[in-house]
Every structure is written in structure tokens, then in C-alpha cells.
Protein chains: 2
Amino acid sequence: MKRKLSKACYSFFSTLANPTRLAILEKLSESDMNVKQLTQTLKQEQSMISHNLKPLLHCRFINSKRQGKSMIYQINCDTVTMLFKTLDSHAQNHCPEDGNCPKTNLLTQ
Amino acid sequence: MKRKLSKACYSFFSTLANPTRLAILEKLSESDMNVKQLTQTLKQEQSMISHNLKPLLHCRFINSKRQGKSMIYQINCDTVTMLFKTLDSHAQNHCPEDGNCPKTNLLTQ
DNA sequence: TTTTCGTATGAAATATAATTCATATGTGGT
DNA sequence: ACCACATATGAATTATATTTCATACGAAAA
């Protein structure tokens, strides 16, 4: 792995390692949304949503476009889909159905 | 995305969002290593290596097998490779060569 | 041009994660 | 059984990230 990529990877993974941001990605993968819509479906403060949108935007996992007073956010590309697909398959191979991880129980607690 | 997967994804991404653990994965992708070897190549305390191996093991990104007094760690599967490949391609599409991110400069600072 | 709505941002408070240190455990050799 | 080496672990310290609150900014309407 190249130095530059490793730096970028750390940034990418840090951005994805957050429940709110994962929830935002999940919602945006269903449809484009503005900030208010996100605050409503996720039941979170507006400032929290905005703060969490920032790193997603920065990593280019999402894009934004202004529409009048509101700002529309949309999933940028196939990267997110691909990542989730890979991890889904990993989880199916290694995470037992009952949720009890054989190694430790960090994952399910 | 299913509730269970989202939980697992958070665990996966949290585990990957750490420079030491990324470095461990990088080394282990080259060859299997025991803890002492990892402490030597990464120039880190033994306890730090062990602490960081734990979540990697838990997520099944790596496996371990005892060999006498030492414990050998190895990359578990194709998941890690696939993730890095996906992010490499993402970085190539969206991260400029000069390291100056067009959105913000969080990534390169 | 003042007001209102939607969004962004800075800074403080809070929560979470990483690192270190001391020590325990586990294995093999003497 | 004891010792030495390799690794793991718990707990305290330290560092980093998240959340909240107050407020600023931008666009459109009155």
C-alpha cells in the first residue's frame, strides 16, 4: 500500500466509523435529501447533521448542490455501495447469525 | 442496509480507522508475522501491538495460530484486499495527485 | 432592506479511543 | 519446580472525536 493511499484510507475509514454518518449514507443511498429532511428522518439536531455531512463530503462519498435555500445531498458514486457489499459478504462469512462473535463479543455488545 | 450489518459495519470501519492497525494489515499482507516481528518492523511497544491486534482479530481481518512461545498472525481473507482496492480506485478518482483536496484540506493536513 | 428559513461553523463540554505502564498468563527449556 | 521469553490484559493517563449551543451566513420572500 502506498503512503498516500494509506493516509487517504485512514481518512476514509475514520469518516465511515460513525453511526450517524453511516445512517446518513444509508438514507442518501435511498434518495437525495436536504439537511432538514435528514434531521427529520434521523431525528438529530441540524448542526449535528451538518457537522457529520462535512467529512462525508470531504471524502467525496457524497455530493452537494444548492437548491434555493436548501442544500441537496446525494451519494456520490459506487464506492460506498462496493464497500458495504464487501463488508456484507465478510459479515456473512464470519459473523454468526445469533450475533455471538466467536472471538470476542465486542461486535455485538 | 440491515440493522445487523450496519452494526457490524461500524465495528469494521472503527477497527480500520487507525494508523497502527492499517500498518499491521499492510505488513501482514506481505507475510505472516508474530508479535515480536511486528513490534520490530513497526517500531512500537509490544503491548500496543497486542492491543491493536485484538480488534483486527475480532473482526476476522486477521487470524492467529500459536507456534511454540510465539503467536503468528496472518491476513484472514480477501476482504481487506478488496476494501483497499475499492478505496484506492476512489482515491484515484477523487483525490488529486498534489494532495490538495478540493473540498477541504482535512485529508492532507 | 428587514425578516425568515435553511444551513454552516466555532468553541466549549462531553464522550470515546489510544497509549503507556505494570503485571499476568502461557509455553518451553533447564 | 523454576526461570526466561513471548504475548496478553487491566487500569490509569492522555489524546481524539463527537455533541451541543450559540451564532453567523446565504438565499428568497415580504
Closest approach of B:Ile24 to B:Ile49 (non-hydrogen atoms, all atoms of both residues)
CD1-O, 4.3 Å

Nearest-Å distance, CZ (A:Arg66) to P (C:dT7)?
8 Å

Would you mind reading off the distance between B:Leu38 atom CG and D:dA8 atom C1', rounded to a whole angstrom?
14 Å

Please determine if a side-chain N or O atom of A:Tyr73 lies less than 4.0 Å away from the OP1 or OP2 oxygen of C:dA8.
yes

Quickly work out the A:His58 NE2 to C:dA8 C1' distance and round it to whole Å.
17 Å

Whole angstroms only, please: what is the CE-P distance between B:Met33 and D:dT7?
12 Å

Value in whole Å for how far the C1' atom of D:dA6 lies from CG of B:Leu53:
13 Å

Is it the case that over 12 heavy atoms from other parts of the model lie below 6.0 angstrom from the CG atom of A:Asn93?
yes

Which heavy atom of A:Ala17 sits nearest a heavy atom of B:Tyr10, and at what distance?
O-CE1, 3.4 Å

For A:Arg60 against A:Asn76, the heavy-atom pair lying closest together
O-ND2, 2.6 Å

To the nearest Å, how far apart are B:Leu42 CG and C:dT19 C1'?
15 Å

Least distance between heavy atoms, A:Cys59 atom then B:His90 atom:
O-NE2, 2.8 Å

Between C1' of D:dG26 and CE of A:Met71, the distance in whole Å
9 Å

What are the two closest non-hydrogen atoms of B:Leu38 and B:Met33, and how far apart are they?
CD2-SD, 3.7 Å

Do any N or O atoms of the protein come closer than 3.5 Å to N or O atoms of nucleotides 18-22 of chain D, and which pairs are they?
{"unit_1": "D:dT18", "atom_1": "OP1", "unit_2": "A:Asn18", "atom_2": "ND2", "d": "3.0"}
{"unit_1": "D:dT18", "atom_1": "OP1", "unit_2": "A:Arg21", "atom_2": "NH2", "d": "2.8"}
{"unit_1": "D:dT20", "atom_1": "O4", "unit_2": "A:His51", "atom_2": "NE2", "d": "3.2"}
{"unit_1": "D:dC21", "atom_1": "N4", "unit_2": "A:Ser47", "atom_2": "OG", "d": "3.2"}

Using a 4.0 Å heavy-atom cut-off across all strands, classify A:Ser50 as base, sugar-phosphate, or nothing.
base

Between atom NZ in B:Lys54 and atom P in C:dT19, what is the gap in whole Å?
16 Å

Do B:Arg21 and B:Phe61 come close enough that some side-chain heavy atom pair is under 4.5 Å?
no

Heavy atoms only, 4.0 Å cut-off, all strands: where does A:Lys36 land among base, sugar-phosphate and nothing?
sugar-phosphate

